[in-house]
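Proteins come first, then strands; the chains are lettered A, B, ... in the order of their sequence lines, and each starts at number 1.
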Amino acid sequence: MTVHNAEIAEKFNHLANLLEIEGANPFRVRAYRNVARIIGGLTKNIADMLAEGEDLTELPGVGKDLAEKIATIVKTKNLPLLKQVEARIPAVLSELMKIEGLGPKRVQLLYKKLKITNADDLKTAIEKGRLRKLRGFGEKTEQNILQGILHRTQYAKRMKLADAFPIVNSLLNYLKHHKEIKQVECAGSFRRRKDTVGDLDFLATGKNSEKIIDYFLGFDEIGKVLSRGTTRSTVHLHSGIQVDLRVVPEKSYGAALVYFTGSKAHNIAIRRIGVQKKLKINEYGIYKRNKYVAGKTEADVYKQINLPYIDPELREDRGEIEAAKNHALPNLITLSDIRGDLHCHTKATDGDSSLEAMAKAAEELGYEYIAITDHSSHLAMVHGLDKKALIKQIKAIDRINKKLKKLVVLKSIEVDILEDGSLDLPDDILKELDLTVCSIHSKFNLSPKKQTERTIRAMDNLYFTILAHPTGRLINQRPPYLVEMERIMMAAKERGCILEMNAQPERLDLNDIHSKMAKEKGVKLAISTDAHSRAQFAYMAYGVYQARRGWIEKPDVINTLPLSQLGKILHRS
DNA sequence: GCCGTTTTCGGCCCGACTGTTTTCAGTCG
């Protein structure tokens, strides 16, 4: 079994944490964190790259030493240096660093002086008043750490992007009502449209920053104020979500927006370019010999370092800066490019709305087509359709298409891929459909090899069109099932099959990295909502966000095509 | 540990806020 990129990245992150606690050279620690991030964002398997004889030192931030360490992990599944460090200090200290208010220095002190290695020990020590005897620790710090432990046990998970939207909108509405505030935006991973969001970073401009901070602290959803300065404040909402507000002058808005949108790695990369050009870049602007030269808009900031504007979704230091330098940034897909939805359900199985209601809603959205894809009978708990029921639905669609003027309803099914790779309905009925959406809903625990071969066997069926939610993950609920994604993509490409970017907020499957991988391999995508009600057609936005994070452009996505061209893609053979 | 239009050595992004301090370390983003 080959080592996954994520496992390699995890080893380096863990190593970085432990070395940081030991007080190692911070730049060496950063080098390990950096390589973890680079590997985590790769669209190729490191193991495959090595097998093909690629030189890993070509990767940014990877030199001779790291290339050797990576090769050792791939060969032996072990990192000897990590073993050595773990022999010196307990591996679990890495976990303590995740508690708010605890960094490497404090964790080191707690371990050295009080032999504390976990949150339970720490809580006991605080309750017995042992912490405040340490130099640099006082009563307040004790209480803050205690709160940090509590907060972490209650709100360990990042929220789904879709869950952030209503909170962001309500706070934006509140802030926009203050006359001192000129501009306000939610930046951070929310603005990069990452699939999950940790805390929310708001940015506002205005002259009287203290008044603005005061007003912010009057927001009625605020539970606890963690910090409060003249230009910045951090709070927890009643819901447990952390919100930061930063106030800067208007001329700094662009620079601050770049800074607060991140990612951190992207910021470091552009500041480094600044250093090369003898420019200092911070959240207030770009400075040449301490003189302000730009910062009002984001485009101004990028222009000063000779780069075009980079869309927030791309700002992960995953090649966007290189692409910007070469004028090769993607022209990202937008919601208005979408002409139809190729995956949705009706009352016939587990949807909430009738066929007619779904068609009407799609027409109101201005779509040219939708595919009705109810479940097949193998999914018994939703009363999936058998052949007879599907024939009945086909006839109903024929009747409704006669009535519709602007929209065409395509006949389809979300057909289960069975354990042996066969489809859950016979070919003689599948051939009557315009397309099929094929998915795995059982046997998630097969070995990666078996799961992959199951999927590829299914694609061998000439009536297989789209592979739905290719990894089956449910954010915060179920990990992706293990498949060899590169093999699946190559198989899809050879056979003319499409991969789905499922837009349900808890799925977003393919993820961003897999989307980018699909694009690089030339595999076409369908962005589909899997709507189970009329309202869920709106999830298309989340699918498009995720696709944008995966560098996807309009031509990569089949449901940007007019119906006349779509048919050619859907029919294989 | 990485890296090179000042460099193969000596740098490495930059600033706000808190708490425990008497001038600053630690943490966070």
Name the pairs: protein N/O against N/O of nucleotides 3-7 of chain B, kept only if under 3.5 Å.
residue : atom : partner : partner atom : Å
B:dC3   : OP1  : A:Gly61 : N            : 3.0

I'd like a list of close polar pairs between nucleotides 27-29 of chain B and the protein, N/O only, cut-off under 3.5 Å.
residue : atom : partner  : partner atom : Å
B:dT27  : OP1  : A:Gly103 : N            : 2.7
B:dT27  : OP1  : A:Gly103 : O            : 3.2
B:dT27  : OP1  : A:Arg106 : N            : 3.0
B:dT27  : OP2  : A:Lys105 : N            : 3.2
B:dT27  : O5'  : A:Gly103 : N            : 3.4
B:dC28  : OP1  : A:Gly101 : N            : 2.6
B:dG29  : OP1  : A:Asp199 : OD2          : 3.2
B:dG29  : OP1  : A:Gln242 : NE2          : 3.4
B:dG29  : N2   : A:Tyr259 : OH           : 2.3
B:dG29  : N3   : A:Tyr259 : OH           : 2.7

(request) Might you work through the side chain to side chain contact (heavy atoms under 4.5 Å, CB included) test for A:Leu237 and A:Ile222, ending with a clear yes or no? (result) CA-CA 4 Å; A:Leu237 301 183; A:Ile222 288 175; 4.0 Å; yes
(request) Test side chain to side chain contact (heavy atoms under 4.5 Å, CB included) on A:Val3 and A:Lys11 and set out the steps. (result) CA-CA 11 Å; A:Val3 185; A:Lys11 281 203 184 345; over 6 Å; no
(request) Test A:Trp551 against A:Glu320 for side chain to side chain contact (heavy atoms under 4.5 Å, CB included), laying out the working first. (result) CA-CA 9 Å; A:Trp551 295 50; A:Glu320 75 279 7; 4.0 Å; yes
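Here the separation of B:dG15 from B:dT7, taken at their P atoms, is 26 Å to the nearest Å. Spacing between B:dG11 and B:dT6 at atom C1', rounded to whole Å, works out to 12 Å. For the P atom pair drawn from B:dT27 and B:dT21, the interatomic distance equals 15 Å after rounding to whole Å. B:dC17 and B:dG10 have their P atoms separated by 37 Å, with the value rounded to a whole Å. Comparing the C1' positions of B:dT23 and B:dC12 gives an interatomic distance of 26 Å, to the nearest angstrom. Comparing B:dT8 with B:dC3, their C1' atoms sit 9 Å apart, to the nearest whole Å.
Residues passing the ring pair (Phe, Tyr, Trp, His ring centres under 6.0 Å) test with A:Tyr174 are A:Tyr215, A:Phe219, sequence neighbours excluded. Listed by chain and number, the residues in a salt bridge (charged side-chain N to carboxylate O under 4.0 Å, His left out) with A:Glu54 are A:Lys44 (sequence neighbours excluded). For A:Lys64, the salt bridge (charged side-chain N to carboxylate O under 4.0 Å, His left out) partners two or more places apart in sequence, or in a different chain, are A:Glu68. Checked against ring pair (Phe, Tyr, Trp, His ring centres under 6.0 Å), A:Phe190 has the following partners two or more places apart in sequence or in another chain: A:Phe165. Partners of A:Arg473 by salt bridge (charged side-chain N to carboxylate O under 4.0 Å, His left out), not counting sequence neighbours, listed by chain and number: A:Asp195.
In this structure, A:Ile270 reaches neither bases nor backbone, as no heavy-atom distance under 4.0 Å exists between it and the strands shown. When heavy atoms are screened at a 4.0 angstrom cut-off, A:Asp65 is found touching the sugar-phosphate backbone but no base atom. Residue contacts for A:Thr231: at a heavy-atom cut-off of 4.0 Å it reaches the sugar-phosphate backbone alone, with no base atom in range. At the heavy-atom level, A:Thr234 lies nowhere under 4.0 Å from the strands shown.
A salt bridge is defined here as a Lys NZ or Arg NE, NH1 or NH2 lying under 4.0 Å from an Asp or Glu carboxylate O, and A:Arg549 with A:Glu316 meets this definition. Between A:Lys69 and A:Asp65, at least one side-chain N (NZ, or NE/NH1/NH2) sits under 4.0 Å from a carboxylate O, which counts as a salt bridge. Salt bridge present: A:Glu95 and A:Lys98 bring a charged side-chain N and a carboxylate O closer than 4.0 Å. Using a cutoff of 4.0 Å between basic side-chain nitrogens and carboxylate oxygens, A:Asp201 and A:Arg232 are not scored as salt-bridged.
A:Asn78 and A:Thr76 are not linked by any side-chain donor-acceptor pair at a separation below 3.5 angstrom, with hydrogens and angles left out of the test. In this structure, a donor-acceptor pair under 3.5 Å is present between the side chains of A:Gln183 and A:Thr205.
Across the strands present, B:dT8 finds no partner; the criterion is a Watson-Crick or G-U wobble pair with both atom distances under 3.5 angstrom.
Distance CG (A:Asn144) to P (B:dG26): 17 Å, rounded to an integer number of Å. Rounded to an integer number of Å, the gap from A:Leu19 CG to B:dG1 P is 9 Å. Note: CZ (A:Arg228) to P (B:dG19) measures 13 Å, nearest angstrom. Taking atom CD1 of residue A:Ile38 and atom P of nucleotide B:dG1, one finds them 17 Å apart after rounding to whole Å. The distance between atom CD1 of A:Ile145 and atom C1' of B:dG26, rounded to the nearest whole Å, is 11 Å. Between A:Leu109 atom CG and B:dA25 atom P the separation is 15 Å, expressed in whole Å. Rounded to a whole Å, the OH atom of A:Tyr284 is 7 Å from the C1' atom of B:dG15. Atoms CG (A:Leu203) and C1' (B:dG15) sit 14 Å apart, rounded to a whole Å.
Within residues 129-141 of chain A, the residues that have a heavy atom under 4.0 Å from DNA chain B are, in order of number, A:Gly136, A:Phe137, A:Gly138, A:Glu139, A:Lys140, A:Thr141. Near DNA chain B, meaning a heavy atom under 4.0 Å away, the residues from residues 25-33 of chain A are A:Asn25, A:Phe27, A:Arg28, A:Arg30, A:Ala31, A:Tyr32. Residues from residues 298-329 of chain A lying near DNA chain B, meaning a heavy-atom separation below 4.0 Å, are absent.
Contact between the side-chain N/O atoms of A:Asn282 and the OP1/OP2 oxygens of B:dG15 is found at a separation under 4.0 Å.
Other residues, nucleotides and ligands contribute over 12 non-hydrogen atoms within 6.0 Å of the CG atom of A:Asn173.
Remark on DNA chain B: of its neighbouring residues A:Gly229 and A:Glu142, the 5'-side contact belongs to A:Gly229, judged by nearest-heavy-atom nucleotide.
Base orientation of B:dT7: syn (glycosidic angle within 90° of 0).
Put simply, the residue from A:Arg33, A:Arg30, A:Lys105 that forms a salt bridge (charged side-chain N to carboxylate O under 4.0 Å, His left out) with A:Glu20 is A:Arg33.
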Atom pairs and distances, side-chain donor-acceptor, residues 124-132 of chain A, under 3.5 Å, sequence neighbours left out:
residue  : atom : partner  : partner atom : Å
A:Thr124 : OG1  : A:Asp120 : O            : 2.9
A:Arg132 : NE   : A:Glu142 : OE1          : 3.2
A:Arg132 : NE   : A:Glu142 : OE2          : 3.3
A:Arg132 : NH2  : A:Glu142 : OE1          : 2.8

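Under the ring-ring contact (aromatic ring centres under 6.0 Å, His included) criterion, the residue pairs touching residues 227-251 of chain A are A:His151-A:His236, with sequence neighbours excluded.
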